[in-house]
Amino acid sequence: MIIEYNLSMKKYFKYIALAIVGTLISCREEVKKPKVSYDVSNKVSVTKTDSTQIEVADLPIQMEGTDYLIHPVGDLRVFEKGSKARYGSSSVNDVSFTISNLGEYEITGYLQNLKFQKTDSDSIHALSDKPVLILTATYLKTVADKTKNKVMVYTLTDSDTNKDGKIDTSDIKTLYLSDISGENFTKVSADLQELVDWNLIESKNRLYFRTIEDTNQNGQFDKNDVLHYNYIDLASKKWEVKSYKPI
């Protein structure tokens, strides 16, 4: 009986070890998932939908010194405990319906859109008429105070670059600008280049940013790829991207 017990325990621990190894391999594969999938057409086809998603908006935000309200809009998932997702169950009382966070002149979250409304109007219009996932929206107040140009900066994903049927954080992150009204929504980073970071140099009213290009087209952004350095003069009414070479 003792021998049978030991054999059973050995099989049990062997099964657990295999399960752990399988999980680690799965996680490693998920991390290495390509951000770009190359094909002839390079077209986006968002096919996956989730009927459990519920579109909601946070209460409006007004940046200091502006006459526009900003309404963050996103998808909220509500799950009934121990069952399938369903809206209207008693368990929703335990869920926060806040979809965005507000910092100093910055809105963050996983937002499907932003909607803008002038304070003296009931009309509301959307920032984008195409599917996007907005991660940050930043009002450049110091630039507005100096130049009177009221500019918003966005980091977001705007296309299904890995061809998995949805737009999410696994796709390429890009850089956009708009006026404080949400008008002139303009992409300033190049297509199929991943935004690395951006920085405002207040003394020059310049927005500097870096992107990385998948030059070897392996679907990943790594040390073998090329970094691009750019800046935009925000004192100008026309947002012209200029490249520079610090190295």
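Atoms considered below: every heavy atom in the structure, side chains included; atoms not considered: hydrogens, waters and symmetry mates.
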Distance check, rounded to the nearest 0.5 Å: [X] atom [atom1] versus [Y] atom [atom2]?
{"X": "Leu111", "Y": "His71", "atom1": "CG", "atom2": "NE2", "result": "13.5 Å"}
{"X": "Ile124", "Y": "Ile70", "atom1": "CD1", "atom2": "CD1", "result": "12.5 Å"}
{"X": "Ile61", "Y": "Glu106", "atom1": "CD1", "atom2": "CD", "result": "11.0 Å"}
{"X": "Lys166", "Y": "Thr157", "atom1": "NZ", "atom2": "OG1", "result": "11.5 Å"}
{"X": "Ile212", "Y": "Leu195", "atom1": "CD1", "atom2": "CG", "result": "11.5 Å"}
{"X": "Tyr244", "Y": "Arg206", "atom1": "OH", "atom2": "CZ", "result": "9.5 Å"}

Taking the side chain as everything from C-beta on, heavy atoms only, tell me whether [X] gets closer than 4.5 Å to [Y].
{"X": "Met152", "Y": "Ile180", "result": "yes"}
{"X": "Asn218", "Y": "Asn224", "result": "no"}
{"X": "Leu133", "Y": "Thr169", "result": "yes"}
{"X": "Leu175", "Y": "Leu207", "result": "yes"}
{"X": "Thr211", "Y": "Val196", "result": "no"}
{"X": "Gln112", "Y": "Asp75", "result": "yes"}
{"X": "Leu140", "Y": "Leu200", "result": "yes"}
{"X": "Gln117", "Y": "Asp122", "result": "yes"}

Where [X] and [Y] come nearest, the two heavy atoms and their spacing:
{"X": "Ser37", "Y": "Lys163", "result": "CB-CG, 3.4 Å"}
{"X": "Gly74", "Y": "Ile99", "result": "N-CD1, 3.0 Å"}
{"X": "Gln62", "Y": "Tyr68", "result": "CG-O, 3.5 Å"}
{"X": "Lys150", "Y": "Gly65", "result": "NZ-O, 2.9 Å"}
{"X": "Gly182", "Y": "Leu127", "result": "O-CD1, 3.5 Å"}
{"X": "Ala57", "Y": "Val73", "result": "CB-CG2, 4.1 Å"}

Pair Asp171 + Lys35, salt bridge at N-O below 4.0 Å: no
Going through the checks in order, is the side-chain contact (heavy atoms from CB on, under 4.5 Å) test met by Leu192 and Asp214? CA-CA 8 Å; Leu192 296 181; Asp214 181 25; over 6 Å; no
May I ask whether [X] and [Y] are part of the same hydrophobic cluster, defined by side-chain heavy atoms of I, L, V, M, F, W, Y residues being less than 4.5 angstrom apart, directly or through others?
{"X": "Ile232", "Y": "Leu227", "result": "no"}
{"X": "Val241", "Y": "Leu177", "result": "yes"}
{"X": "Ile54", "Y": "Leu114", "result": "yes"}
{"X": "Val143", "Y": "Ile201", "result": "no"}
{"X": "Tyr139", "Y": "Leu234", "result": "no"}

Run the side-chain contact (heavy atoms from CB on, under 4.5 Å) check on Leu69 and Met63 step by step: do they pass? CA-CA 8 Å; Leu69 303 181; Met63 299 297 183; over 6 Å; no
Expected output: side-chain Ser181 to main-chain Asp179 donor-acceptor under 3.5 Å: no
Any donor-acceptor pair under 3.5 Å from Asp160 side chain to Gly165 backbone: yes
Decide if atom [atom1] of [X] counts as having more than 12 heavy atoms of other residues, nucleotides or ligands within a radius under 6.0 Å.
{"X": "Lys130", "atom1": "NZ", "result": "no"}
{"X": "Lys204", "atom1": "NZ", "result": "no"}
{"X": "Lys115", "atom1": "NZ", "result": "no"}
{"X": "Asp120", "atom1": "CG", "result": "yes"}

Excluding sequence neighbours, so at least two apart, what forms side-chain hydrogen bond (donor to acceptor under 3.5 Å, both in side chains) with Asn216? none
List for me each residue that meets side-chain hydrogen bond (donor to acceptor under 3.5 Å, both in side chains) alongside Tyr105, sequence neighbours excluded, and say none if there are none. Glu64
Could you check Asn113 against Ser128 for side-chain contact (heavy atoms from CB on, under 4.5 Å), going step by step and ending with a plain yes or no? CA-CA 7 Å; Asn113 219 327; Ser128 176; 4.2 Å; yes
Is it the case that the ring center of Tyr229 lies less than 6.0 angstrom away from the ring center of Tyr208? no
Strictly by ring pair (Phe, Tyr, Trp, His ring centres under 6.0 Å), give each pair with a member in residues 167-190 just once, sequence neighbours left out. Tyr154-Phe185, Tyr176-Phe185
Give the C-alpha distance, both sets of side-chain angles, the deciding distance and a yes or no for side-chain contact (heavy atoms from CB on, under 4.5 Å) between Leu156 and Lys173. CA-CA 5 Å; Leu156 56 88; Lys173 184 168 64 176; over 6 Å; no
Is it the case that Ser100 and Asp58 place a side-chain donor and acceptor less than 3.5 Å from each other? yes
Sort out for me which residue in Asn230, Val153, Thr155 forms a side-chain contact (heavy atoms from CB on, under 4.5 Å) with Phe209. Asn230
Working for salt bridge (Lys or Arg N to Asp or Glu O under 4.0 Å), residues Arg210 and Asp197: CA-CA 6 Å; Arg210 296 185 295 175; Asp197 51 14; 2.6 Å; yes
